[in-house]
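These notes concern the structure reproduced below.
Note that these values count all heavy atoms, side chains included, but never hydrogens, waters or copies made by symmetry. Values in this document were obtained by computation on a predicted structure and should not be read as measured data. Sequential numbering from 1 along the given sequence is applied to the chain's residues.
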Amino acid sequence: MKPILLAAALTATLAAAACAGQPPGAPSPAVGAQAAAGVNATASASSSSCFRMTQIRGHRIAGDNTIYVRVGSDDVYQVTTAGACGAGALRNDTLIISTTAGADLICRPIDLDLKIRSGAGMVTPCIVSSIARLSAEQAKAIPEKLRP
């Protein structure tokens with residue numbers, strides 16, 4: 001029982017120390033650092049932006065390890081998988097998408113649980129290795145038959 005009380009007291013002490021130097025309503029140090037970085041913070045946020053699973057509007061399987069996903073009306077993301085989970089899949093085969101943490105927000109490859117259901121009903125799990133938002137120019141460069 002004493003180790004639990006000690007751990008609880010230590011946690012409370014550390015939490016109080018973290019909040020002590022900050023007046024009420026002040027932005028967190030992380031927010032201040034991003035504001036100080038200015039344009040760089042905005043550029044890095046847009047290049048690695050998150051999206052909600054409910055915003056996915058379409059997809060195309062472009063190859064053994066590349067899937068293009070349309071998010072909203074304008075954004076296209078390239079999802080790259082480890083291995084060849086798309087081998088043998090048709091461009092319009094069904095994606096089974098869920099989030100790993102139960103949240104709707106997808107920011108990193110680990111946030112996305114992806115499977116491909118082929119026309120024959122076989123389901124192939126995919127390990128997502130990267131998710132990248134494409135620029136408008138990159139999205140236009142995708143061959144028309146592979147655009148989501």
Side-chain angles (χ1 to χ4, degrees), residues 4 7-8 10-19 21-22 24-148:
I4 293 173
L10 181 59
T11 302
T13 303
L14 290 174
C19 295
Q22 205 170 328
S28 73
V31 172
Q34 286 180 349
V39 176
N40 292 337
T42 304
S44 74
S46 66
S47 65
S48 64
S49 62
C50 302
F51 61 91
R52 297 205 173 274
M53 191 169 62
T54 55
Q55 293 176 307
I56 296 175
R57 300 290 177 244
H59 76 278
R60 287 288 188 270
I61 300 169
D64 290 353
N65 65 348
T66 303
I67 300 168
Y68 294 112
V69 179
R70 176 158 309 279
V71 176
S73 60
D74 297 326
D75 294 331
V76 176
Y77 286 77
Q78 180 178 345
V79 177
T80 305
T81 62
C85 81
L90 301 175
R91 288 190 300 259
N92 294 325
D93 278 351
T94 303
L95 294 185
I96 302 171
I97 301 173
S98 59
T99 55
T100 57
D104 187 38
L105 197 60
I106 299 169
C107 298
R108 304 166 299 156
I110 198 162
D111 295 335
L112 187 61
D113 182 14
L114 177 67
K115 297 174 182 73
I116 298 174
R117 178 180 293 150
S118 68
M122 188 172 94
V123 175
T124 305
C126 302
I127 298 172
V128 178
S129 57
S130 69
I131 302 172
R133 182 178 175 187
L134 301 181
S135 68
E137 294 79 25
Q138 291 171 320
K140 287 179 185 175
I142 298 171
E144 190 170 335
K145 66 181 182 177
L146 297 178
R147 289 184 195 157

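Within 6.0 Å of atom CZ in R117, 12 or fewer heavy atoms from other residues, nucleotides or ligands are found, so the atom counts as exposed in its surroundings. The local environment of CD1 in I96 is crowded, with over 12 non-hydrogen atoms from other residues, nucleotides or ligands closer than 6.0 Å.
With hydrogens and angles ignored, the 3.5 Å screen pairs no side-chain donor or acceptor of D64 with any backbone N or O of G83. Of the possible polar contacts, none joining the H59 side chain to the R147 backbone as a donor-acceptor pair under 3.5 Å is found. Counting only distance, with no hydrogens or angles, the side chain of T99 and the backbone of L112 share no donor-acceptor pair below 3.5 Å. Checked by atom type and distance alone, the side chain of D93 never pairs as donor or acceptor with a backbone atom of A89 at under 3.5 Å.
Atom CG of D104 is separated from atom CZ of R52 by 5.5 Å, given to the nearest 0.5 angstrom. Distance CD1/I142 to CD/Q78: 7.5 Å, rounded to 0.5 Å. Here D111 contributes atom CG and C50 contributes atom SG; the two are 7.5 Å apart, rounded to the nearest 0.5 Å. Distance check, rounded to the nearest 0.5 Å: CD of Q55 to OG of S73 gives 10.0 Å. Taking CG of L134 as the reference point, atom CZ of R70 lies at 10.0 Å (rounded to 0.5 Å). Between the CD1 atom of I67 and the CD1 atom of I116 there is a distance of 4.0 Å, given to the nearest 0.5 Å.
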Inset, instruction - Evaluate the side-chain hydrogen bond (donor to acceptor under 3.5 Å, both in side chains) criterion for residues N65 and T81: first the C-alpha distance (whole Å), next the side-chain angles of each, then the deciding distance (0.1 Å), finally the verdict. - result: CA-CA 5 Å; N65 65 348; T81 62; 5.5 Å; no
Inset, instruction - Show your reasoning for whether side chain to side chain contact (heavy atoms under 4.5 Å, CB included) applies to I56 and I97. - result: CA-CA 10 Å; I56 296 175; I97 301 173; 3.9 Å; yes
Legend entry - Worked verdict on V79 versus T66 for side chain to side chain contact (heavy atoms under 4.5 Å, CB included): CA-CA 6 Å; V79 177; T66 303; over 6 Å; no
Inset, instruction - Show your working on side chain to side chain contact (heavy atoms under 4.5 Å, CB included) between L146 and I61 and close with a plain yes or no. - result: CA-CA 7 Å; L146 297 178; I61 300 169; over 6 Å; no
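Using a cutoff of 4.0 Å between basic side-chain nitrogens and carboxylate oxygens, K115 and D113 are scored as salt-bridged. A salt bridge links D75 with R133: the closest approach of a Lys/Arg side-chain nitrogen to an acidic carboxylate oxygen falls below 4.0 angstrom.
Between Y77 and F51, the distance separating the two ring centers is shorter than 6.0 angstrom.
A pairwise comparison of heavy atoms in P109 and S129 identifies CG-O, 3.5 Å as the closest pair. Considering every non-hydrogen atom in both R60 and K145, the closest pair reads NE-O, 3.7 Å.
By the 4.5 Å heavy-atom criterion applied to side chains, V69 and P148 are not counted as neighbours.
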